[in-house]
Novice: 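Sharing a structure with you now.
Counting starts at 1 for both ligands and their atoms, in listed order. Just so you know, these numbers use all the heavy atoms, side chains as well, and skip hydrogens, waters and symmetry mates.
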Amino acid sequence: MARLHLRIRLRSRILIIVKKFPSICHKPISLAVIRIPQPKGMISMTQNTKFDVAIVGGGIAGLTAAVYAAQAGKRTIVIEKQERMGGRAITNHKQGHYFNLGAHALFQGDALATFRELELNLKSGKPANEGHGLWKGRLSTIPLGPKSLFTTPLLSIKGKLEFAAWFAKLTKLQTHKYDQISVREWLEGSVKDPMIRNIFYALIRSTTYVMAPDFQAAGPVIQQLQHSLHGVTYIDRGWGAIVEELRQRAAALGVQHITKQKVVAIEHQNGAVQHIRCEDGTLIEADHIIAAVPPAAAYQLVANAEATSLRTWKEQAIEMTSACLDVALRKLPSPKHQVVYGIDQAVFLTNQSRASHLSDEGAQVVSLIKYQGKGSDADQDLRDLEQMLDLTQPGWRNELITKQYLPKMTVSYDFMHLERQQNPGPAVPEISGLYVAGEWASHGEMLLDAATASAKRAVQQIISREGTGKAYHEHRSIV
Ligand SMILES: Cc1cc2nc3c(=O)[nH]c(=O)nc-3n(C[C@H](O)[C@H](O)[C@H](O)COP(=O)(O)OP(=O)(O)OC[C@H]3O[C@@H](n4cnc5c(N)ncnc54)[C@H](O)[C@@H]3O)c2cc1C
């Protein structure tokens, strides 16, 4: 390996090479002039083509990191293995209807603040905070505000008073005090009425996508509940619009990208990153490399990762998955039931079309989620979700235009739980110039908020190590 690197270095000194590869806006950019042919797929190792920052993975974490790195004047490239950028945030445009990869909502956290800071041109809608609960096969108003608390049949008068007191208290809780206890310890220890606890478990599932109350840390969950009290935001034309905006912003800043290019190794020598190796043999040299890929992928890409923190981060990770059914309906058979939280079942239904544009044909795009624990049965999950539709939208099959079923989507590769030994990143301390980003690299944030926050942490660390000052304004605290 060392000899190969030496050979590459020597070649690069005498060759001025050019490699064409697509820019982020799909137009090829010529980086230099080819004088002597380079082996296929090899990117020049000259000063001309060495990147300041190379990012593996073009999901929202990778794209966010790319924008901030480029804003800080860094020569930046993103390498994505799929045909299009976006990772789990892509949107499928099917017969005029926009399907995310399952129900996706923005909370009032880091991601929304980041997109506002970047002035992304996103159109969106905020639905009213109201819905129904599914309990023992029946649908009832679920308490999500003063009016629904008054009308819900799920709680006794005493329960309603306790619930009201709880909601008032929730906004003021210092979340960090609850970081070391589980969601179950928190709820069982502080909420008397068992039905209030059941409702909270349902709300927590739908705002965190995690079904692990015995080891999910309560502090970050309370913070997510606080965010959700401000309502959620649904994006017109789905989350693909966010991806497209970030992609365009990165392109305007000169970020380059390669798609359909799988990275097979992040190589390092003498404790510092050297380059990225792609499946077709392309080498991309960079001073800093951000692995914006899942923890197991980051571990696998880095030689001798077992001697680094990547091992701990991979081993401590607990993956959460969901079955996702999305349907486009000509009209809603039961307009009353646009949002339904399963209370005694781990299911959730939301009609995001009530607040955002998800169909060019004026159809209603309804998303259903089944939260999965260990072991899942794709056929059974689909039956459960269809049953939920039968109950909430009877006759939906007559209105069906098209659907999408994803039996097992990874919603998060890790989250804040009590078995965590370390919060991952931003730097991999054992290898200079190597960083991680992604929703699993959370320092307390949840889902997409963790993806954007971890991306910014990585760029911030790159910049602060180089002593070039701050790259961006941090919304809540300095990372
Ligand atoms: C069903 C579902 C519902 C969700 N709902 C919400 C929600 O309501 N709110 C919320 O905030 N979040 C939600 N999320 C989570 C959110 O989608 C993710 O947190 C976010 O999209 C993760 O972005 P990322 O960049 O960290 O990872 P990813 O999107 O997974 O991006 C990683 C990228 O790396 C690429 N890659 C991997 N290996 C390689 C390699 N070797 N070479 C090159 N490229 C590679 C992958 O192809 C991928 O594009 C949901 C997710 C799902 C699945």
Novice: Determine, considering heavy atoms only, which of A292, G57, G87, A296 sits nearest to atom 32 (C) of ligand 1.
Specialist: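 Going through A292, G57, G87, A296 one by one, A292 has the nearest heavy atom to atom 32 (C) of ligand 1.
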Novice: Supply the atom-to-atom distance R205 CZ to L203 CG, rounded to the nearest 0.5 angstrom.
Specialist: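 It comes to 9.5 Å.
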Novice: Check L406 against ligand 1 and report side chain, backbone, both or neither, counting heavy atoms closer than 4.0 Å.
Specialist: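 Near ligand 1, L406 shows nothing, with every heavy atom at 4.0 Å or more.
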Novice: Can you name the atoms of ligand 1, numbered from 1 with element, that are less than 4.0 Å from a heavy atom of Q261?
Specialist: 43 (C)
Novice: Students should be able to answer this: which protein heavy-atom is nearest to atom 20 (C) of ligand 1, and at what distance?
Specialist: L448 CD1, 3.7 Å
Novice: Suppose we measure from atom 47 (O) of ligand 1 to each protein heavy atom; which comes out shortest, and what is that distance?
Specialist: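 The answer is E80 OE2, 2.6 Å.
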Novice: Does C324 have a heavy atom less than 4.0 Å from any atom of ligand 1?
Specialist: yes
Novice: Side chains of D360 and H97: is there a donor and an acceptor less than 3.5 Å apart?
Specialist: no
Novice: Among H104, K81, R88, whose heavy atom sits nearest atom 52 (C) of ligand 1?
Specialist: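 It is H104 that holds the nearest heavy atom.
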Novice: When you measure from atom 36 (N) of ligand 1 to every protein heavy atom, which one gives the shortest distance, and what is it?
Specialist: V293 CG1, 3.7 Å
Novice: Provide the number and element of each atom of ligand 1 under 4.0 Å from a heavy atom of I79.
Specialist: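 Those qualifying, in numeric order: 43 (C), 44 (N).
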Novice: Where is the nearest protein heavy atom to atom 12 (N) of ligand 1: which residue, which atom, and how far?
Specialist: L447 CB, 3.3 Å
Novice: Are any side-chain N or O atoms of S454 and backbone N or O atoms of A450, one a donor and one an acceptor, separated by less than 3.5 Å?
Specialist: yes
Novice: Could you tell me the residue and atom name of the protein heavy atom closest to atom 3 (C) of ligand 1, and the distance to it rounded to 0.1 Å?
Specialist: A103 O, 3.2 Å
Novice: How close do S309 and Q422 get, heavy atom to heavy atom, and via which atoms?
Specialist: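 That would be CB-OE1, 4.0 Å.
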Novice: Give the single entry among H227, E445, E439, Q82 that approaches atom 19 (O) of ligand 1 most closely by any heavy atom.
Specialist: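 Nearest option to atom 19 (O) of ligand 1, by heavy atoms: E439.
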Novice: Assign the ring pair H337 / H132 to parallel, tilted or perpendicular, where the plane angle (0 to 90°) is split at 30° and 60°.
Specialist: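 If you compare the ring of H337 with that of H132, the planes turn out perpendicular.
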Novice: What is the nearest protein non-hydrogen atom to atom 15 (C) of ligand 1, stated with its residue, atom name and distance?
Specialist: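 Nearest protein contact, heavy atoms only, for atom 15 (C) of ligand 1 is V411 O, 3.7 Å.
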Novice: Could you report the tightest heavy-atom contact between L101 and G87, atom names first, then the distance?
Specialist: CD1-O, 4.1 Å
Novice: Taking all atoms of both residues into account, what is the closest heavy-atom pair of V232 and P127, and its distance?
Specialist: O-CD, 3.3 Å
Novice: Among Y209, Y234, W239, F107, which one has a heavy atom closest to atom 10 (C) of ligand 1?
Specialist: W239
Novice: Give the contacting part of L106 toward ligand 1: side chain, backbone, both or neither, where contact means a heavy-atom distance below 4.0 Å.
Specialist: neither
Novice: So does T308 get a backbone contact from the side chain of R311, meaning a donor-acceptor N/O pair under 3.5 Å?
Specialist: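 Side chain of R311 to backbone of T308, a donor-acceptor pair under 3.5 Å: no, none is there.
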Novice: For Q274 and H268, test the side chains for any donor-to-acceptor distance below 3.5 angstrom and give the result as yes or no.
Specialist: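 There is no such pair (donor and acceptor under 3.5 Å, judged by atom type) between the side chains of Q274 and H268.
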Novice: Give the numbers and elements of all ligand 1 atoms closer than 4.0 Å to a heavy atom of T410.
Specialist: 53 (C)
Novice: Closer than 4.0 Å to some heavy atom of M409 - which atoms of ligand 1 meet that?
Specialist: 53 (C)
Novice: Between Y209 and Y371, how do the two ring planes meet: parallel, tilted or perpendicular, split at 30° and 60°?
Specialist: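 The rings of Y209 and Y371 stand perpendicular, inter-plane angle above 60°.
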Novice: Ring-plane angle category for F215 and H417, please: parallel below 30°, perpendicular beyond 60°, tilted otherwise.
Specialist: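 The rings of F215 and H417 stand perpendicular, inter-plane angle above 60°.
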Novice: From atom 21 (O) of ligand 1, work out which of A89, A61, G438, G58 has a heavy atom at the shortest distance.
Specialist: A89
Novice: For atom 7 (C) of ligand 1, grab the closest protein heavy atom and report residue, atom and distance to one decimal in Å.
Specialist: A105 O, 3.4 Å
Novice: Side-chain donor-acceptor pair under 3.5 Å between Q345 and D384, yes or no?
Specialist: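 Per modelled atom types, Q345 and D384 side chains form no pair under 3.5 Å.
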Novice: Does an N or O anywhere in V56 fall below 3.5 Å from an N or O of ligand 1?
Specialist: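 In fact, backbone or side chain, V56 has no N or O that close.
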Novice: Among all protein heavy atoms in this structure, tell me which lies nearest to atom 31 (O) of ligand 1, with the distance rounded to 0.1 Å.
Specialist: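 Among all protein heavy atoms, the one nearest atom 31 (O) of ligand 1 is G59 CA, 3.4 Å.
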Novice: Between H288 and Y435, does a ring pair (Phe, Tyr, Trp, His ring centres under 6.0 Å) hold up when you go through it step by step?
Specialist: CA-CA 8 Å; H288 304 279; Y435 310 83; 5.8 Å; yes
